[in-house]
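Here the structure is laid out as structure tokens; the discussion comes afterwards.
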Amino acid sequence: MNIRNIAIIAHVDHGKTTLVDKILHSTNIFRDNQETGELIMDNNDLERERGITIFSKNVSVIYKDIKINVIDTPGHSDFGGEVERVLKMADGVLLLVDAFEGPMPQTRFVLQKALHLGLHPIVVINKVDKANCRPDEVHDAVFELFFNLDATEEQLNFPTIYGSSKNGWMNTSLEETDNIFPLLDAILEHVPEPTVNEGPTQMQITSLDYSSFLGRIAVGKVARGTVREGQQIALVQAGGEVKRMKVKELYTFEALGKKKAAEVSAGDICAIVGLDEFNIGNTICDIEFPEALPVISVDEPTMSMMFSINNSPFFGREGKFVTSRHLRDRLMKETEKNLALRVEDSDSADSFLVYGRGILHLGILIETMRREGFELTVGNPQVLVKEIDGKKCEPYENLVVDVPAEFSGKVIDLVTQRKGEMLIMESKGEMQHLEFDIPSRGLIGLRSNMLTNTAGEAVMAHRFTDYRPWKGNIPGRSNGVLLSKNTERTTGYSIDKLQDRGRFFVDPGEEVYVGQIIAEHIKPGDLNVNATEPKKLTNHRASGSDDASRAAPKILMTLEECMEYIQQDECIEVTPKSIRMRKVILDENERSRVSKQMKSEPA
Ligand SMILES: Nc1nc2c(ncn2[C@@H]2O[C@H](COP(=O)(O)OP(=O)(O)OP(=O)(O)O)[C@@H](O)[C@H]2O)c(=O)[nH]1
Ligand SMILES: [Mg+2]
């Protein structure tokens, strides 16, 4: 059968998954009466809740008797390495660009990777249904981006499709249609058929699937010859070592699922079950001809966090898995499927240093663990510092902010305070478009500050660029926190009295402990407060004055917001039911003793 292999790439939220959904729907893979909710592709719980794609996924459809393997990729920059790898399975890409936003940092990154691999993208200007969208300007901006990324003459000559994945139409012009067939036709026309090399089996493992029943599943495109069920193969590993193994089961991708196959030929994408020890980048070869394909580099972590057992006074109340043994086993198991993750033992048996690609990458791991019943403590995220040519260097990122013009001054102030330097300022519709260079450190905690200062209007995106010399001290959180003096339930009475001192993270009646962060202080500096005082009894029963109802509702923070909020001497207690921020040292006296000691020691 004739095959096309395409990957859909774009900046976060530009509509990749929505488009894949529409492709699936319009090729009739569903029974007519089958109920399909929105975005069947984002099928993992966390993906659904957050509305983002975390794992790339393979599906396939048949259009005009041709099988199109479609790879949906994540757009968030923390998962950029994944995109780079799965591009190895594709012979063409759809580069989606939002018709209002235009090219964003991740657009640049994924396009660059595709161009380097020699792929010829089809550009899809999506979301042309949006009010104020600027499809023509965006098209020019995309052309400029191709040009700046050194696209070849042929790559610059890209076909463009316009449309709205949400409304289910695509066309070669801006004229609205009622289907996406013009896009599918463009795929058949412009994406080359995979090259079919005859000869001994060769297939590089470029992606990994995981099933609790089958274990790790190797995914890749067959590059040469065929892979057969039951075949004895040679697996060539990174260092060149060769291991003999057997293909237990073999699958191809069909519609949303996988279909068992006896044999898969060069050009098609397949999944192999039964290889016990393998890594991304390994090559599966004919047992007589162990020739490896070039190694794929797996992205280096850029951020680390300390994961420890929960040692708060509320330890063990809510979780099933609480020991360091549980924690260690779980983290090690994660490294088998989470490729960009690294785990190291620390000097303490109860703590592990976990390295990842960013706040979201690590946040998702923590969230997954707490849903599985784990309790743990995590420290504040640290960027990875490297020594390059004898100089201390740190990661830098390209930061893009789109904001209504009236707020642009505020945004520039905020970013400059954090050692960002402005590169570009231009208007984009009614918005101001700003680009900065900024150390990754400066980005931690920036988002919430930015939103508060721009009435929630700022849209920001950032992407790692390179390592550069250390930029010096970056101010941390400007406000202090209110810490509980007692381990007890808070009262509406106390919280009400403390309202003008801080904005609370806990509700009246919530149990808190000594050293827990219960509010943000309105000023710099931390304050230990009593939030658990019962109301003084008077002779008169106060008529209808319920103090609890006067307290402003607590500020709800997500795990990732907490991760960006806490400072060096603070950490987060995570359990299946709660997320509490606290001081690492809970006791007030002990804490001030240690901090004095730190100050007296020369830095
Ligand atoms: N107005 C409009 N909204 C769209 C269109 N396509 C997608 N969206 C919306 O944009 C949001 C993001 O869509 P997704 O398909 O999840 O985007 P994605 O590119 O897969 O995002 P990531 O996987 O997180 O990178 C959703 O709220 C969609 O409903 C479109 O054509 N027009
Ligand atoms: Mg998606």
Side-chain angles (χ1 to χ4, degrees), residues 6-26 36-59 70-84 86-87 93-111 113-114 121-135 138-139 160-171 174-180 182-183 207 256 357-361 363-364 367 400 402 429 459-463 560:
I6 56 155
I8 306 196
I9 57 175
H11 185 75
V12 69
D13 264 1
H14 281 193
K16 298 174 289 297
T17 307
T18 311
L19 180 61
V20 177
D21 255 41
K22 288 296 181 315
I23 295 179
L24 289 167
H25 276 99
S26 45
T36 53
E38 278 287 295
L39 300 200
I40 27 172
M41 290 289 294
D42 282 343
N43 50 14
N44 150 299
D45 280 351
L46 286 178
E47 291 184 319
R48 277 180 187 275
E49 278 168 32
R50 291 164 191 248
I52 56 165
T53 304
I54 300 171
F55 309 103
S56 66
K57 290 177 202 73
N58 289 69
V59 294
V70 182
I71 310 166
D72 183 22
T73 66
H76 195 282
S77 62
D78 280 19
F79 311 118
E82 172 118 355
V83 182
E84 193 174 348
V86 301
L87 279 178
V93 293
L94 301 185
L95 177 74
L96 252 68
V97 187
D98 181 307
F100 172 73
E101 286 193 347
M104 293 293 272
Q106 191 68 3
T107 315
R108 186 187 176 92
F109 174 80
V110 292
L111 175 61
K113 298 296 170 194
I122 297 175
V123 171
V124 180
I125 312 263
N126 189 33
K127 307 202 186 184
V128 300
D129 60 289
K130 265 189 174 176
N132 305 326
C133 68
R134 335 163 277 139
V138 167
H139 179 267
T160 308
I161 301 285
Y162 298 87
S164 162
S165 358
K166 194 163 97 181
N167 298 345
W169 69 269
M170 290 285 151
N171 201 354
L174 276 164
E175 197 180 328
E176 189 169 339
T177 64
D178 62 358
N179 60 65
I180 60 157
L183 174 69
S207 184
L256 275 170
R357 294 285 297 173
I359 299 269
L360 184 67
H361 180 218
I364 282 172
E367 187 61 46
V400 171
D402 287 327
V459 178
M460 65 181 260
H462 53 90
R463 161 93 225 160
E560 281 114 55

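Every number for a ligand or one of its atoms is a count from 1 in the order of the listing.
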On a heavy-atom basis, which atom in [X] and which in [Y] lie closest, and how many Å separate them?
X	Y	result
L95	P121	CB-CB, 4.5 Å
A10	Q106	O-CG, 4.0 Å
T73	I9	OG1-CA, 3.8 Å
R463	F109	NH2-CE1, 3.1 Å
V93	L87	CG1-CD2, 3.4 Å

Do side-chain atoms of [X] reach the backbone of [Y] as a donor and acceptor pair under 3.5 angstrom?
X	Y	value
N126	L96	no
E101	H14	no
T177	M170	yes

So, regarding [X] and ligand 1 (criterion: nitrogen or oxygen to nitrogen or oxygen, under 3.5 Å), is there a contact or not?
X	result
N126	yes
K130	no
G75	yes

Report summary line: Checking heavy-atom distances from atom 19 (O) of ligand 1 to each of H11, K166, K16, K22, the winner is K16
Query raised in the report: Which of the listed options, D72, V20, T18, holds the heavy atom that is closest to atom 13 (O) of ligand 1?
Result: T18
Report task. State, yes or no, whether a side-chain contact exists between V124 and I8 at a heavy-atom distance under 4.5 Å. Result -> no
Requested in this report: For the Mg ion (ligand 2), check which protein N, O or S atoms are under 2.8 Å away and list them.
Outcome: T17 OG1, T53 OG1
Distance under 4.0 Å to a non-hydrogen atom of [X]: what atoms of ligand 1 satisfy this?
X	value
G15	7 (C), 13 (O), 14 (P), 15 (O), 17 (O), 18 (P), 19 (O)
T53	20 (O), 22 (P), 23 (O), 24 (O)
S164	30 (C), 31 (O), 32 (N)
H14	19 (O)
I52	24 (O)

**Report entry** Sole residue of I54, I52, V83 in side chain to side chain contact (heavy atoms under 4.5 Å, CB included) with P74
**Finding:** V83
Query - Test: E82 and R357 ion pair at under 4.0 Å - result: no
Query raised in the report: Is it the side chain, the backbone, both or neither of T17 that has a heavy atom closer than 4.0 Å to ligand 1?
Result: both
Query raised in the report: Which class fits the ring pair F79 and H361: parallel under 30°, tilted 30 to 60°, perpendicular over 60°?
Result: perpendicular
Requested in this report: Determine, using heavy atoms of S165 and all atoms of ligand 1, whether some pair is separated by less than 4.0 Å.
Outcome: yes
